[in-house]
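Note sheet for the following structure.
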Amino acid sequence: MKNYPFYLSVFLLLLFSNCKNGSSSENYATDTTSVAIETDLKIESIENENKDSNSESYAELEENPFESPKNNPLSTFSIDVDNASYTNIRRFINNGLKVPKDAVRVEEMMNFFKYTYPQPTDNHPFSINTEYSESPWNEKHKLLKIGLQGKNIPMTNLPKSNLVFLVDVSGSMSDDNKLPLLKESMKILVKELRKEDKVSIVVYAGSAGVVLEPTSGLEKETIMDAFDDLQAGGSTAGGEGIELAYKLAQQNFIKEGNNRVIIATDGDFNVGASSDDEMIDLIEEKRKSGVFLTVLGFGMGNYKDSKMEILADKGNGNYAYIDNIQEANRFLGKEFKGSMFAIAKDVKIQIEFNPKHVQAYRLIGYENRKLKAEDFKNDAIDAGELGSGHTVTALYEIIPVGVESSFTPSDLKYTKVKNDEVTYNEELATVKFRYKKPDGEKSVELIQTIQNQSVALVNSSKDFKFSSAVAWFGLKLRDSKLIANASTSEIKKLAKSGLASDEEGYKSEFLRLVESVN
């Protein structure tokens with residue numbers, strides 16, 4: 001047991017207080033015994049809390065390095081609309097805790113925020129927007145921003161929903177910020193349901209079971225009563241719950257509809273022998289059913305981010321961390337359409353940089369979303385989903401030709417290409433996109449070239465400035481070795497210059513988070 005002097009002083013203070021209040025000698029022994037017991041319980045509670053705070057798990061990430069377009073001409077990755085990392089980081093900072101390095105996924109931080117990209121004007125489900133300017137953290141480097149804007153579809157035009165909630169009611173979910181918060185969160189989501197939508201509820205603890213058969217979204221009180229009746233207790237058997245939830249979703253499958261399993265958990269569950277490999281196999285098999293997946297994370301202490309992310313990444317899914325009722329209102333209420341209705345799936349991006357202008361490049365974030373070059377055209381390879389109204393932002397840091405930088409990778413002797421052998425003198429890069437319709441199996445490909453025309457950072461768009469500031473803050477939290485400037489004041493200054501379209505105040509909140517980290 002640690003901190004004996006502290007606990008002893010508390011104990012003595014309580015004894016002194018009892019004496020001062022005139023306790024009799026008979027009551028004195030009783031009081032001191034009860035105080036000792038109470039103090040021991042408090043000590044045990046504090047020790048357990050400290051123990052829990054160290055049991056959260058995050059997948060290890062290795063930061064993307066700079067690469068030469070001569071040696072590695074293609075960069076390929078899956079889009080990521082998840083934003084769980086940002087809300088989790090916010091929770092750490094608001095509680096005055098150090099943010100674990102691997103809890104920081106820079107792309108999820110950027111994609112938490114909405115940007116003012118234009119709506120698509122053609123038959124494709126998203127618009128493509130690029131911008132080329134200066135890097136704020138490495139002098140003489142540049143940044144290329146690629147932004148996608150999903151088509152905003154009115155609720156009346158969205159397909160019918162078949163939603164199966166899979167709720168973790170194991171003992172670890174008893175804390176106020178877990179099952180009780182989950183229940184309040186569900187009230188927000190249920191308000192968005194229509195008469196034609198169907199809702200089912202499956203729970204899992206020591207075993208799994210159905211607590212609500214498919215019910216019309218019109219019967220909101222019945223649905224909420226089922227949520228309110230849930231109680232936490234017992235061990236966890238997530239694998240059995242996943243099997244049952246997908247089975248129920250498939251039995252009530254709506255052709256050309258929105259079929260989705262929504263898992264709500266702290267991630268502390270077992271699948272078979274609880275290995276991540278078994279979990280990946282299970283969720284990849286269920287993905288073939290055509291049922292999409294949403295993962296909602298709750299709680300802290302024993303929070304298993306690594307397992308939640310695997311579920312979402314491998315199961316045609318998205319992932320959000322609900323740290324408070326305001327976040328539940330944002331993700332499940334205001335952004336219900338983007339969170340629950342996919343307009344495109346398996347969205348991939350592949351970019352080829354022109355070595356005439358690019359000495360080296362690196363993708364900021366998306367470390368666990370990178371794909372092999374040959375995966376781009378392979379329709380069997382899973383990638384990210386885009387929801388109605390969603391925006392996706394990616395940044396590449398570029399070292400232009402002729403710039404001296406300590407981050408430039410060495411040229412290889414046998415694959416060296418002379419710049420004068422390269423044509424397309426006006427082009428910086430060519431970027432390709434592939435996506436499938438939500439119920440499709442064959443990809444559609446789009447191609448766009450990017451001109452070698454950069455603007456000064458001060459003249460860049462508000463979206464460019466703010467997204468760059470968010471990425472910069474993420475790199476600082478990760479203690480990146482690839483940024484020369486990690487000034488908190490400079491990050492805040494850039495973010496402030498990019499403030500726009502902030503009706504809900506999330507961007508202003510970001511400024512406060514930056515101020516809280518040295």
Side-chain angles (χ1 to χ4, degrees), residues 56-61 78-88 102-103 105 107-108 111 163-170 172-173 178 182 185 189 201-205 208 236-250 258-299 302-323 331-332 339-340 342 345-346 366-369 381-387:
E56 299 192 6
S57 67
Y58 300 92
E60 186 175 349
L61 292 178
S78 159
I79 68 160
D80 187 359
V81 297
D82 297 342
N83 47 55
S85 179
Y86 179 78
T87 51
N88 193 29
D102 288 324
R105 294 186 289 276
E107 72 281 2
E108 293 188 23
N111 289 325
L163 305 179
V164 179
F165 291 90
L166 175 57
V167 182
D168 181 353
V169 292
S170 61
S172 67
M173 289 290 288
K178 294 185 180 181
L182 186 157
S185 302
L189 186 147
I201 302 176
V202 174
V203 297
Y204 66 94
T236 318
E240 186 180 350
I242 290 172
E243 293 276 10
L244 183 55
Y246 272 94
K247 180 181 178 181
L248 197 57
Q250 289 172 259
N258 176 38
N259 299 279
R260 186 175 293 268
V261 168
I262 302 169
I263 301 178
T265 177
D266 61 4
D268 189 15
F269 58 85
N270 300 316
V271 179
S274 79
S275 76
D276 286 350
D277 287 342
E278 286 177 294
M279 183 163 57
I280 290 171
D281 291 342
L282 173 62
I283 212 69
E284 285 183 333
E285 180 62 32
K286 298 304 178 185
R287 183 180 71 210
K288 299 174 184 177
S289 67
V291 176
F292 287 82
L293 179 69
T294 292
V295 181
L296 303 178
F298 291 85
N302 65 333
Y303 185 65
K304 307 303 180 187
D305 175 86
S306 54
K307 289 192 175 183
M308 315 272 263
E309 191 187 13
I310 287 174
L311 286 172
D313 286 356
K314 302 299 181 181
N316 271 353
N318 53 15
Y319 166 33
Y321 175 72
I322 310 295
D323 57 339
F331 185 81
L332 300 173
S339 306
M340 298 296 160
K345 69 178 182 180
D346 293 341
Y366 292 91
E367 283 86 359
N368 59 2
R369 294 286 187 154
I381 299 298
D382 178 59
E385 282 63 55
L386 187 68

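Here, residue 1 is the first one in the sequence, and each next residue gets the next number.
Between the side chain of N88 and the backbone N or O of A84 there is no donor-acceptor pair closer than 3.5 Å. For E284 (side chain) and K314 (main-chain N/O), no donor-acceptor pair under 3.5 Å exists by modelled atom type. Counting only distance, with no hydrogens or angles, the side chain of D168 and the backbone of A264 share no donor-acceptor pair below 3.5 Å. Between the S85 side chain and the A103 main chain, a donor and an acceptor come within less than 3.5 Å of each other. A distance-only check finds a donor-acceptor pair linking the side chain of K178 to the backbone of S172 [under 3.5 Å].
Rounded to the nearest 0.5 angstrom, N258 CG and M340 CE are separated by 9.0 Å. Taken from CG in N316 to CG in D346, the straight-line distance is 6.0 Å, to the nearest 0.5 Å. Taking CG of L189 as the reference point, atom CD1 of I262 lies at 5.5 Å (rounded to 0.5 Å).
Under the rule for a side-chain hydrogen bond (donor to acceptor under 3.5 Å, both in side chains), the partners of E309 that lie at least two apart in sequence or sit in another chain are R105, N368. Partners of E285 by salt bridge (Lys or Arg N to Asp or Glu O under 4.0 Å), not counting sequence neighbours, listed by chain and number: K288. Residues passing the side-chain hydrogen bond (donor to acceptor under 3.5 Å, both in side chains) test with S289: none are found, sequence neighbours excluded. Listed by chain and number, the residues in a side-chain hydrogen bond (donor to acceptor under 3.5 Å, both in side chains) with Y319 are Y303, D305 (sequence neighbours excluded). With sequence neighbours left out, the salt bridge (Lys or Arg N to Asp or Glu O under 4.0 Å) criterion links K345 to E441. Applying the side-chain hydrogen bond (donor to acceptor under 3.5 Å, both in side chains) test to T294 and every residue at least two apart in sequence or in another chain returns R260, N318. The ring-ring contact (aromatic ring centres under 6.0 Å, His included) test applied to Y58 returns no partner, not counting sequence neighbours. Partners of Y246 under the ring-ring contact (aromatic ring centres under 6.0 Å, His included) rule, at least two apart in sequence or in another chain, do not exist in this structure. Taking R369 as the reference, S78, D80, D82, D313, Y366 meet the side chain to side chain contact (heavy atoms under 4.5 Å, CB included) condition, with sequence neighbours excluded. With sequence neighbours left out, the side chain to side chain contact (heavy atoms under 4.5 Å, CB included) criterion links I381 to K348, L371, D375, N378.
Residues K307 and T265 form no side-chain contact, since every pair of their non-hydrogen atoms from C-beta on lies 4.5 Å or further apart. V169 has its side chain out of reach of Y204: every pair of non-hydrogen atoms, C-beta onward, lies at least 4.5 Å apart. Residues I283 and I242 form a side-chain contact, since some pair of their non-hydrogen atoms from C-beta on lies under 4.5 Å apart. Side-chain contact between N83 and N111 is absent, with no heavy atoms from C-beta onward closer than 4.5 Å. At least one side-chain heavy atom of I263 sits less than 4.5 Å from a side-chain heavy atom of L293. Using a 4.5 Å heavy-atom threshold, the side chains of I79 and L386 count as touching. Proximity of L296 to M308: side-chain heavy atoms (C-beta onward) are nowhere separated by under 4.5 Å.
Nearest approach of E367 to L61, heavy atoms of both residues: CB-CD2, 4.0 Å. Residues A245 and V202 approach most closely at CA-CG2, 4.1 Å, considering heavy atoms. Counting all heavy atoms, side chain and backbone alike, V261 lies closest to A249 at CG2-CB, 4.2 Å. Closest approach of F298 and Y321 over heavy atoms only: C-CE1, 4.1 Å.
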| field | Residue pair D266, K304: steps toward the salt bridge (Lys or Arg N to Asp or Glu O under 4.0 Å) verdict | value | CA-CA 6 Å; D266 61 4; K304 307 303 180 187; over 6 Å; no
